[in-house]
Amino acid sequence: MPLPLLAIAAALLYLAAAGLHLMHILQRKPRLSTSVIVLGGVALACHALVAWSSIFDEHSIHLGLYRILALISFVINLVCVTWLVRWPLQNLLIVLLPLSASTVLISAFAPQTSTTPEALDNGLLVHIASSILAYAVLTIAAVQAALLAVQDRQLKQHRATGIVSFLPPLQLMETMLFELVWMGVILLTVAIATGFLFVDDFFAQHLVHKTVLTLLAWVIYSTLLWGRYQLGWRSQTAVRFTIGGFLLLMLAFLGSKLVLELLLQRG
């Protein structure tokens, strides 16, 4: 199947799965149904093919903004599905699946903005893989934090309506959030360390601002974890730190890509 048609199929399947799951939630059936699992699974398979075909070809690796977003959204879904074995994160799919639909379409139809013609060494591959995994896990943590913020606010106002009424208890939501942040910080630490070890000439590649913002995000996440276990930080404090760190991380990644590839047109 041609890449554009595969991307359209993936997007439609993602939207169908998200719509069906939302309908089940409104019908007070918060568990994932077989139909949602099948639709989402086929969409994920199509997404994998689109991401692979968009990034890799016989002579080069395409790591431009549009292509890499599709890969990251695929990894986000994969991590979320894997985490469902341990935690009830299925409500996050209402946000993640439509987001994936948009990124897979952008990847297939947007122009190429960056190409790496040479082969990447193993150290750099570890850096790229750990960075993508860190972004994926911390994106899920940010969505979890947003749900936690809404849940905490409604509980304080003594009204739990809408999707909040189907969320797990507040304490479990906090536990899931901190576990996601822990995993994200570990992966981000690996990404930062391998970046310093294997990325050549930061100044020539205009990576200084990206590195500084990423380090600031790491400090914010690490401070949150310290505050959790030393000072007992919970709920809204955890939400503020998680979303603050995520915004810095996205500014480091998306901001760098936007400026270098779209404004300055440097690959």
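None of the values given here were measured: they were computed from a predicted structure.
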Look only at the side chain of His47 and the backbone of Ser73, and say whether a donor-acceptor pair between them is shorter than 3.5 Å.
no
Could you report the tightest heavy-atom contact between Leu93 and Pro98, atom names first, then the distance?
O-CD, 3.8 Å
Trp233 atom CH2, neighbour heavy-atom count above 12 within 6.0 Å:
yes
Could you check if a side-chain atom of Thr237 sits within less than 4.5 angstrom of a side-chain atom of Leu231, using non-hydrogen atoms only?
no
Can you measure from CG (Leu177) to CG (Leu224) and round to the nearest 0.5 angstrom?
7.0 Å
Interatomic distance, OG1@Thr214 vs CG@Leu249, rounded to 0.5 Å, equals 5.5 Å
Distance check, rounded to the nearest 0.5 Å: Thr242 atom OG1 versus Arg240 atom CZ?
11.0 Å
Is the count of non-hydrogen atoms from other residues, nucleotides or ligands lying under 6.0 Å from Met183 atom CE greater than 12?
no
Using the rule given for side chain to side chain contact (heavy atoms under 4.5 Å, CB included), can you reason through Trp87 versus Leu172, listing the C-alpha separation, both sets of side-chain angles and the distance that settles it, and then say yes or no?
CA-CA 9 Å; Trp87 296 115; Leu172 180 56; 3.0 Å; yes
Output the distance between atom CG (Leu84) and atom CD1 (Ile37), rounded to the nearest 0.5 Å.
8.5 Å
Donor-acceptor under 3.5 Å (Gln144 side chain, Met173 main chain)
yes
Quick check on the hydrophobic clustering: are Leu96 and Trp83 connected, directly or via other members, by side-chain heavy-atom contacts under 4.5 Å?
yes
Taking all heavy atoms of Gly245 and all of Tyr221, pick out the closest pair and write down the distance.
C-OH, 3.3 Å
Where do Ala10 and Cys46 come nearest, in terms of heavy atoms and distance?
CB-CB, 3.7 Å
Heavy-atom closest contact (Gln236 atom, Ala149 atom, distance):
NE2-O, 3.4 Å
ILVMFWY cluster, Leu20 and Leu99 together (side-chain gap under 4.5 Å)
no
If you count the non-hydrogen atoms of other residues, nucleotides and ligands that lie under 6.0 Å from CH2 in Trp182, is the total more than 12?
no
Residue pair Ser235, Leu170: steps toward the side chain to side chain contact (heavy atoms under 4.5 Å, CB included) verdict:
CA-CA 8 Å; Ser235 297; Leu170 187 66; 4.1 Å; yes
I'd like to know if the side chain of Thr194 and the backbone of Ala191 have a donor-acceptor N/O pair within less than 3.5 Å.
yes
Roughly how far apart are Leu97 CG and Leu22 CG, rounded to 0.5 Å?
11.0 Å
Are the side chains of Thr211 and Phe196 in touch, meaning some heavy atoms are under 4.5 Å apart?
yes
CG on Leu247 to CG on Leu216, rounded to 0.5 Å
13.0 Å
Determine, using the 4.5 Å side-chain heavy-atom cutoff (strictly less than), whether Val143 and Leu251 are members of one ILVMFWY cluster.
yes
Backbone N/O of Val219 and side chain of Thr223: donor-acceptor pair under 3.5 Å:
yes
Would Leu225 end up clustered with Ile220 when hydrophobic side chains under 4.5 Å apart are linked, directly or stepwise?
yes
Is it true that atom CD of Gln171 has more than 12 heavy atoms of other residues, nucleotides or ligands lying nearer than 6.0 Å?
no
Heavy-atom distance under 4.5 Å between the side chains of Met176 and Glu179, does that happen here?
no
Let me see the working for Gln151 and Leu148 under side chain to side chain contact (heavy atoms under 4.5 Å, CB included), right down to the final yes or no.
CA-CA 5 Å; Gln151 182 183 32; Leu148 178 61; 4.0 Å; yes
Fit a plane to each ring of Phe253 and Tyr135, take the angle between them on a 0 to 90° scale, and name the class: parallel (under 30°), tilted (30 to 60°) or perpendicular (over 60°).
tilted
Which heavy atom of Ala70 sits nearest to which heavy atom of Ser107, and what is that distance?
CB-CB, 3.4 Å
Side chain to side chain, Ile25 and Ile94, heavy atoms closer than 4.5 Å:
yes
When clusters are formed by joining ILVMFWY residues with side-chain heavy atoms under 4.5 Å apart, either directly or through shared neighbours, do Ile106 and Ile132 land in the same one?
yes
Take Phe109 and Ile8 through the side chain to side chain contact (heavy atoms under 4.5 Å, CB included) test and state the conclusion after the steps.
CA-CA 10 Å; Phe109 291 100; Ile8 292 171; 4.0 Å; yes
Between Leu39 and Ala17, what is the shortest heavy-atom contact and its length?
CB-CB, 3.9 Å
